[in-house]
Amino acid sequence: MTRGGVAVPLAKRLRWRAGWGDGLAVLAGALWLAAGPTGAWLLGWIWPALIYVAVRGGPPLRAMRGGATCALLAMGRILTYGWAPELQSVLLVAAAAVGGVLGGCFGAVLPRLPAAARPWAFACGWALADALVTRTFVGHAASPAHDQGTLLPLAQAMALTGFPGLVFLTMLLPAALVECAGRRLAWATAGTTVLAVGLVGFAWGYGRTRLHLPADGPRLTVAIAQCTDSAAPSRRLAVRAQWRHLMRRAREQGAHLVIWPEIALIVTATERADWLAWLGEVSRAIGMAQVVGIWERERRRNTLVAFDATGRLRLDYAKRHPLWLVEPSLAGRDPPGVMSVAGQTIGGAVCFDDCSLDVPGTLARLGARFVAVPTRDWPAVTRPHARLHRHTAIAFGFASARSTPGRCEIVDDRGRVVAGGMAPQEGPFLAIGSVRLPQGPSPYARWGDWFAALAAGGWMLVSLSAAWRWGRTHSRLRSPSWAAPGSGRPPCAVHPPST
């Protein structure tokens with residue numbers, strides 16, 4: 001490309017194209033939106049490069065506008081969830097605000113850093129923002145790690161770093177390639193690109209090795225079951241007969257545990273005691289443990305109860321993280337617990353509790369090798385929740401099973417689906433699978449959010465460096481040494497030196 005007959009370096013072309021910030025942000029948000037439901041991992045490498053070009057050149061207000069536009073489009077997926085319009089509006093505004101703040105920070109910091117440091121700052125900022133949003137709004141539903149989580153070898157990095165580490169790699173490599181192309185393979189940016197490619201290659205090699213290592217833990221046979229809707233009292237006898245029949249079938253096929261969906265039973269406070277007594281009697285008669293999701297009408301509690309093979313109630317746990325502004329249930333205060341099934345330690349989490357950080361982390365530290373997840377996903381969130389379920393199993397190092405109308409899955413600690421099926425929205429269903437349990441929790445479960453803390457430290461370091469460079473530049477611009485004799489400028493004029 002030439003301008004006035006003079007060749008324009010690619011670096012300047014990229015800065016000039018950054019003037020198209022709004023268009024690039026719109027395209028990045030559209031690709032991010034498309035990458036989530038389709039699972040197209042290639043799009044997950046493209047849109048970070050586009051948003052990086054949109055925000056890398058500043059100014060902060062334009063970068064803020066680009067970040068808000070990208071986040072607003074990416075969160076457009078919630079329009080398919082069927083939530084109330086006022087709730088959708090609140091969440092879209094919140095997404096735009098978070099994206100705008102992040103984009104403004106990038107617009108203020110990145111232009112004041114050396115070219116080789118910008119991709120690292122970009123990746124640290126995204127990883128830190130992802131960790132903060134996750135702790136504020138439960139789950140990783142909008143995390144860039146979703147896009148690369150479909151690549152199981154790369155997703156194994158979460159066993160070491162959690163979600164922030166995969167977000168870091170997802171953002172680092174595209175940004176480094178863009179910066180390297182814009183600098184015509186300068187030594188510093190080329191070194192950054194080589195290091196970024198090396199980190200992604202190391203993560204891929206680690207994941208391939210982990211997937212090929214034979215699992216040597218004990219096996220647990222699990223059944224996922226569903227009955228006809230039990231809300232109507234007139235159906236109680238038929239539901240109980242069907243319940244017994246499905247448990248007997250599972251027991252005959254060697255299952256040690258049966259998991260029923262969230263809201264498998266809808267009861268009042270007076271009916272709850274009767275149902276608990278009946279469930280314990282069935283477990284004792286058949287000699288099989290079971291995990292059941294119960295909705296209590298008056299108390300507005302979304303609970304999980306678990307019985308062992310002797311019929312004793314071992315777990316009674318209320319959901320700790322109802323979806324913000326969506327669910328009418330009250331948050332539970334009791335910590336999650338574990339129980340023993342066939343000599344193995346298992347835990348339970350209700351619905352999106354398995355996507356939080358505290359519930360699966362607590363279960364992993366308590367020694368849970370398997371986590372039962374009764375849930376009831378509406379069709380629009382079945383696929384993303386299933387992906388979150390697999391990612392959580394990888395990050396915390398336990399096998400898990402989710403029982404829901406729709407996509408039911410039993411996964412091992414490396415995110416591989418070993419059994420499952422598509423359960424109907426209503427009606428009986430039974431799927432049985434045997435999963436090998438891990439020997440212990442993952443390094444991330446033992447060490448905690450060390451990578452998020454590292455990303456926070458890295459972002460603080462680059463922010464201080466950018467502030468120091470900005471102050472140094474402005475102090476030089478205000479220096480009277482720029483006033484050359486005969487230039488006609490006053491000694492205190494704030495002008496850069498003429499070239």
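Using modelled atom types, one side-chain atom of Arg469 and one backbone atom of Arg112 make a donor-acceptor pair closer than 3.5 Å. With Ser434 contributing its side chain and Thr221 its backbone, the two residues share no donor-acceptor pair below 3.5 Å. Using modelled atom types, no side-chain atom of Thr375 and backbone atom of Thr404 make a donor-acceptor pair closer than 3.5 Å. The closest donor-acceptor contact from the side chain of Arg446 to the backbone of Pro441 lies under 3.5 Å. Between the Gln226 side chain and the Pro261 main chain, no donor and acceptor come within less than 3.5 Å of each other. Between the side chain of Arg436 and the backbone N or O of Gly217, at least one donor-acceptor pair lies under 3.5 Å.
Annotation: side chain of Leu437 is not in contact with side chain of Arg219 (no heavy-atom distance under 4.5 Å). Side-chain contact between Ile51 and Phe122 is present, with heavy atoms from C-beta onward closer than 4.5 Å. Between Ile259 and Gln290, the closest side-chain pair of non-hydrogen atoms is not below 4.5 Å. Residues Phe398 and Arg369 are not in side-chain contact: their nearest non-hydrogen atoms beyond the backbone lie 4.5 Å or more apart. By the 4.5 Å heavy-atom criterion applied to side chains, Tyr52 and Trp126 are not counted as neighbours. His256 has its side chain out of reach of Val222: every pair of non-hydrogen atoms, C-beta onward, lies at least 4.5 Å apart. Taking the side chain as every heavy atom from C-beta outward, Val305 and Val292 approach each other to under 4.5 Å. Thr303 is not listed as a side-chain neighbour of Tyr317, based on a closest heavy-atom distance of 4.5 Å or more.
If you run side-chain contact (heavy atoms from CB on, under 4.5 Å) between Val178 and each of Thr193, Leu173, Val53, only Val53 comes through. When each of Leu315, Ile346, Thr345 is tested with Val338 by the rule side-chain contact (heavy atoms from CB on, under 4.5 Å), just one qualifies, namely Thr345.
Contact detail for Trp120 and Thr192: the closest heavy-atom pair is NE1-CG2, 3.3 Å. Across all non-hydrogen atoms, the minimal contact from Ala71 to Ala95 is CB-O, 3.3 Å. Among all heavy-atom pairs drawn from Leu257 and Val341, the shortest one is CB-CG1, 4.2 Å. Contact detail for Ala155 and Leu166: the closest heavy-atom pair is CA-CD2, 4.3 Å. Closest approach of Arg376 and Pro405 over heavy atoms only: NH1-CG, 3.6 Å. Gly100 approaches Met64 most closely through the heavy-atom pair O-CG, 3.1 Å.
Other residues, nucleotides and ligands contribute at most 12 non-hydrogen atoms within 6.0 Å of the CE atom of Met460.
Atom-to-atom distance recorded for Phe352:CZ and Leu388:CG is 6.5 Å, nearest 0.5 angstrom. Rounded to the nearest 0.5 Å, atoms CG (Asp358) and CG (Leu363) are 9.5 Å apart. Distance check, rounded to the nearest 0.5 Å: CG of Leu213 to CG of Leu211 gives 9.0 Å. We find the CH2-CG distance between Trp32 and Leu50 to be 13.0 Å, quoted to the nearest 0.5 Å. Once rounded to the nearest 0.5 Å, the distance linking CD of Gln439 with CG of Asp413 reads 10.0 Å. Taken from CZ in Phe429 to CE in Met422, the straight-line distance is 9.0 Å, to the nearest 0.5 Å.
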- request: Please assess Ile410 against Ile224 for the test side chain to side chain contact (heavy atoms under 4.5 Å, CB included), listing each intermediate value before the final yes or no.
  value: CA-CA 9 Å; Ile410 303 173; Ile224 298 174; 3.7 Å; yes
task: Just do the side chain to side chain contact (heavy atoms under 4.5 Å, CB included) check on Leu113 and Ser465 with the steps written out, would you?
output: CA-CA 7 Å; Leu113 293 175; Ser465 174; 4.0 Å; yes
field: side chain to side chain contact (heavy atoms under 4.5 Å, CB included) assessment of Leu169 paired with Leu199
entry: CA-CA 8 Å; Leu169 294 177; Leu199 283 176; 4.1 Å; yes
message: Could you go through Gln344 and Phe370, starting from their C-alpha distance and side-chain angles, then the distance that decides it, and tell me whether this counts as side chain to side chain contact (heavy atoms under 4.5 Å, CB included)?
response: CA-CA 8 Å; Gln344 306 302 323; Phe370 180 88; over 6 Å; no
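By the salt bridge (charged side-chain N to carboxylate O under 4.0 Å, His left out) test, Arg416 is found to be paired with Asp412, residues two or more places apart in sequence or in another chain being considered. By the side-chain hydrogen bond (donor to acceptor under 3.5 Å, both in side chains) test, Asp354 pairs with His385, sequence neighbours left out. In this structure, His389 has no ring-ring contact (aromatic ring centres under 6.0 Å, His included) partners at least two apart in sequence or on a different chain. Judged as a salt bridge (charged side-chain N to carboxylate O under 4.0 Å, His left out), and not counting sequence neighbours, Arg414 has no contacts.
Pairs of residues two or more places apart, or lying in two chains, that qualify as side-chain hydrogen bond (donor to acceptor under 3.5 Å, both in side chains) and include a residue from residues 205-214 are Gln156-Arg210.
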Ignoring hydrogens and angles, write down the donor-acceptor pairs under 3.5 Å from the side chains of residues 447-459, residues two or more places apart or on other chains.
| residue | atom | partner | partner atom | Å |
| --- | --- | --- | --- | --- |
| Asp449 | OD1 | Tyr444 | OH | 2.6 |
| Asp449 | OD2 | Arg135 | NH2 | 2.5 |
| Trp450 | NE1 | Leu160 | O | 2.8 |

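Asp353 has no carboxylate O lying under 4.0 Å from a charged side-chain N of Lys319, or vice versa, which leaves the two without a salt bridge. Of the charged side-chain nitrogens involved, at least one lies within less than 4.0 Å of a carboxylate oxygen, so that Glu179 and Arg118 count as a salt-bridged pair.
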